[in-house]
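Here the structure is laid out as structure tokens; the discussion comes afterwards.
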Amino acid sequence: MSGTHAHTVAYVRETMLPEQDPPLTEAGAIKWMRENLFSGWLNNILTILSIFVIYSVLSHIVPWFYNSIWNAGSLSECREIRDATIGSDASSACFAVISDRWQQLLFGFYASEAYWRPVLALVLFLVAMGPILFESVPRKLLWYTAASPFILFWLLWGGSIWGPIAVAAGFAVGWGAFVGVSLFAGTLLAVIAAILVPILYWMFLAGPIAGGLHSIIPIGITFIESDDFGGFMLSFIIGISGIILSLPLGILLALGRQSDMFIINKVSVAFIEVIRGVPLIVWLFTASLLLNYFLPPGTNFDLMLRVIIMVTLFSAAYIAEVVRGGLAALPKGQYEAADALGLDYWKSMRLIVLPQALKISIPGIVNTFIGLFKDTTLVVFIGLLDPIGLSGAIRASTDWNGIYWELFVFIGLLFFVCCFSMGQYSIFLERKLRREHR
Amino acid sequence: MTTQSDPPKQAFRLSQLIYDTRYRSLTIQTVAMILLAVGLFWLVNNTVQNLQALGKDFNFGFLGERAGYDINQRLVEYSSNSTHGRAALVGILNTLLVAFLGCILATVLGIIAGVLRLSNNWLVAKLMAVYVEGFRNVPLLLWIIAIFAVMTESMPQPREFRGETPTASMMLNDSVAVTNRGVYVPRIAFTNSLTGNEAVASRDGLTPVASGGIDWLLILVVLGASLFGIRAVRRWASAQQEATGIRPVTWYMQLGLLVVPTGIVLLILGATVVNPYLKGFNFTDGIHLRNSLIALWLALSLYTGAFIAEIVRGGILAINKGQTEASYALGLRPGRTMNLVILPQALRVIIPPLISQYLNLTKNSSLAIAVGYMDVRSTLGGITINQTGRELEGMLLLGGFYLVLSLAISTVMNIYNSSVKLKER
């Protein structure tokens with residue numbers, strides 16, 4: 001066609017060339033490597049260094065894992081098997097300690113015929129968390145979520161079923177008091193009644209009612225002492241209770257710190273700073289050594305419960321600071337708009353301020369939760385048998401004397417999986433709640 | 001025309017205390033105050049009763065009594081005849097020592113890892129991601145115990161350094177020995193010490209600072225004066241630049257000021273490096289860094305370094321790319337762009353969380369209990385409490401120490417924060 005052009009010149013091509021493949025160095029894996037690994041002298045050095053690091057780590061770990069022995073009764077037996085099959089100078093992991101003692105690492109000294117209880121509790125807990133974590137789960141399940149603390153408590157500790165039911169009934173009593181009083185008196189009195197009546201009920205009535213019902217219809221499972229709890233079960237119970245209890249407390253503290261009321265403000269500030277200023281381990285020692293001084297003479301309550309209370313207070317102070325950051329980051333117009341709509345303090349907080357502030361603080365809150373879960377390992381110092389404490393106990397037995405890495409790898413891996421998935425969930429939540437810059 | 005009139009005056013009614021927003025906050029605060037006072041009174045009353053029942057009193061006199069226990073790691077003179085107060089001081093210094101060392105190493109590690117995680121080298125970025133996630137998601141306690149186990153189980157015993165064919169050897173030109181009892185590094189001794197004799201380090205512990213105290217003080221003073229001189233030179237250079245537009249070349253002056261005076265002092269004092277050597281069954285001389293210190297230091301630094309890496313990464317990512325482009329457009333070279341434009345802004349994002357990480361590191365150093373490092377929790381909050389039975393007083397002092405430390409650090413943070421904060425409106 002272009003041949004018809006008048007000023008066509010011989011050296012100008014008239015048709016398009018067919019597309020060529022890119023040169024070998026600019027395509028596929030080679031191109032990727034040139035861009036990502038060897039793009040300059042500094043990168044070359046870094047790449048070679050990293051390859052060296054990876055090699056030197058893997059050259060130790062891979063044979064160790066590859067040669068691992070899973071069936072043996074003791075460390076010496078493990079070594080005999082290794083000498084017989086691989087050779088005495090080979091490095092080999094003795095994961096037999098895990099297959100021998102995994103129950104202890106997971107459940108501590110919990111009665112072995114009752115292992116189904118914590119397992120079932122974990123499943124029930126995950127189901128209960130469903131409607132909170134994911135929107136697609138039917139909302140009706142929230143009723144089950146509200147009931148689950150009592151179910152889980154009963155499953156884990158056992159005893160008569162009437163105890164948890166009688167305690168749970170306290171909330172119904174409170175609701176009844178609220179409705180009943182608000183019929184003939186103001187809302188304020190009703191709220192006071194809704195707080196006071198259940199407390200009186202729990203203090204004086206719940207025990208006898210549960211006992212009476214139990215003597216009529218004895219339904220229950222074996223009671224298991226807190227002392228028998230241990231391993232990851234203990235970490236989970238302390239961590240999860242702390243997480244669930246500390247969030248509302250932390251939000252209240254943050255609101256207190258933002259408050260205009262002088263006394264409320266100063267009390268919140270003092271509480272937060274004192275708790276945050278002292279390491280958790282000192283608080284745990286306080287719980288185990290000093291709490292008896294502060295309580296009426298003769299009171300003595302469960303060490304595990306004390307730890308849960310301490311851990312809750314501790315992480316509540318941290319969450320308060322995170323939430324305060326969220327509250328401060330919210331534009332002032334949001335507060336003013338809520339006031340302009342005529343909402344009272346709690347309504348404006350509940351409907352306008354907190355949903356936005358909490359959204360901003362999600363990463364910080366989840367980081368606090370991860371920190372709390374990791375900190376549950378500190379309970380080993382006041383005599384509770386968490387996984388690290390149990391690893392020491394296992395090492396102290398004659399069978400497994402001198403075994404370190406297998407236990408550390410197992411414990412570290414379980415913690416890693418839990419904490420990493422919490423972090424990933426927070427990233428997922430952040431993406432889902434992101435409203436701007438789509 | 002509108003006439004304004006005051007709202008009708010009404011007599012004060014009791015219900016206004018609850019329903020009138022002018023008075024409600026007062027009501028709430030009064031109620032809170034009363035509840036708080038009752039609660040506090042209840043706690044104090046319980047404590048008094050419990051103390052009476054146990055036949056104990058509340059006084060801090062035990063701090064002046066003889067401690068009667070040894071501390072193997074100490075920065076100041078201490079023996080079992082010293083007082084509990086002295087033991088607490090040794091513990092405090094040990095806590096501060098590991099916190100100080102940890103903050104330095106954690107910062108270095110964190111900056112390297114944070115920058116490398118942003119590198120366009122895929123392998124390095126992934127490696128750093130593994131480091132950060134690995135340390136962030138596993139309890140610190142596990143890392144401390146694991147590193148301590150490496151130090152005590154996998155390192156050679158001192159006797160393996162001996163004999164014709166030793167199975168282990170010292171590193172760095174026979175100056176550093178890594179054994180399962182700790183790491184031995186060279187110390188600096190002064191042959192013409194101001195104290196009149198050669199500074200002698202005691203056999204264990206980190207004590208050469210105490211032995212040649214005055215000499216080190218002199219060196220520090222000279223070094224401080226040099227730094228002051230360097231600042232003066234810089235100020236002079238800036239003034240020259242303001243006046244003439246040309247910045248005089250001063251790097252050789254600065255370097256000279258830094259090196260020469262200190263070097264002269266070291267020469268006069270006759271500073272020599274003393275290497276540790278094998279004597280009997282163990283190494284002697286040099287500085288003995290115990291396993292407990294090393295394990296705690298490394299674990300704290302690696303753990304906190306992972307958090308600092310994320311902070312540094314976030315800080316760098318937070319700076320808009322337009323800032324770099326704008327400063328290039330102004331004609332600034334890359335180095336000055338970094339120094340004058342990027343870093344000041346990135347530091348504003350990085351420093352506050354960085355200092356709170358330092359705070360965390362200091363508080364986490366109380367995990368020393370896992371490896372038997374004698375920090376303040378182990379001396380004052382551990383052995384002293386066990387020996388004297390003064391839980392209440394001991395824990396109170398311990399908590400007070402950490403609280404004061406935290407408040408001091410966060411005060412510094414707040415001052416810094418307000419000085420670098422964006423000045424708006």
Of the backbone (N, CA, C, O) and the side chain (C-beta and beyond), which part of [X] lies under 4.5 Å from a heavy atom of chain A, both, or neither?
| X | answer |
| --- | --- |
| B/L36 | side chain |
| B/L392 | both |
| B/N360 | side chain |
| B/A125 | neither |
| B/L407 | side chain |

Taking the side chain as every heavy atom from C-beta outward, state whether [X] and [Y] have any atom pair closer than 4.5 Å.
| X | Y | answer |
| --- | --- | --- |
| A/W405 | B/V150 | yes |
| B/L367 | A/P279 | no |
| B/F401 | A/V282 | no |

Worksheet item: Of all of A/L46, A/I370, A/L295, which one pairs up most often with chain B through heavy atoms under 4.5 Å apart?
Response: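 Most heavy-atom pairs within the cutoff with chain B belong to A/L295.
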Discussion item. Only pairs of heavy atoms separated by less than 4.5 Å count here; which of A/W283, A/F285, A/F38, A/F262 has the most with chain B?
Written reply: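 Ranked by heavy-atom pairs under 4.5 Å with chain B, first place is A/F285.
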Among [options], residue most engaged with chain A (heavy-atom pairs, under 4.5 Å):
| options | answer |
| --- | --- |
| B/I409, B/N45, B/I28, B/I369 | B/I369 |
| B/L403, B/N46, B/V404, B/V44 | B/N46 |
| B/G381, B/S406, B/A146, B/S119 | B/A146 |
| B/L142, B/L116, B/T362, B/L54 | B/L142 |

Practice prompt. Could you please spell out the steps behind the side chain to side chain contact (heavy atoms under 4.5 Å, CB included) verdict for A/I264 and B/S25?
Written response: CA-CA 10 Å; A/I264 305 271; B/S25 74; over 6 Å; no
Worksheet item: So with a 6.0 Å cut-off around CE of A/M33, is the heavy-atom count from everything else above 12?
Response: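 No.
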With a 4.5 angstrom heavy-atom cut-off, could you sort out which part of [X] is near chain B: side chain, backbone, both or neither?
| X | result |
| --- | --- |
| A/V380 | side chain |
| A/Y345 | neither |
| A/I388 | side chain |
| A/I54 | side chain |
| A/Y404 | side chain |
| A/I281 | side chain |
| A/F381 | side chain |
| A/L290 | side chain |

Closest heavy-atom pair and its distance - [X], [Y]:
| X | Y | value |
| --- | --- | --- |
| B/R136 | A/K374 | O-NZ, 2.6 Å |
| A/S50 | B/L127 | CB-CD2, 3.8 Å |
| A/N43 | B/N121 | O-ND2, 3.1 Å |
| A/I263 | B/Q29 | N-OE1, 2.8 Å |
| A/V278 | B/G399 | CG2-O, 3.6 Å |

Item to complete: Might you work through the side chain to side chain contact (heavy atoms under 4.5 Å, CB included) test for B/N50 and A/F294, ending with a clear yes or no?
Response: CA-CA 8 Å; B/N50 282 317; A/F294 298 138; over 6 Å; no
Worksheet entry | From CD1 (B/I145) to CG (A/L407), nearest 0.5 Å |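 Going from the CD1 atom of B/I145 to the CG atom of A/L407 covers 11.0 Å.
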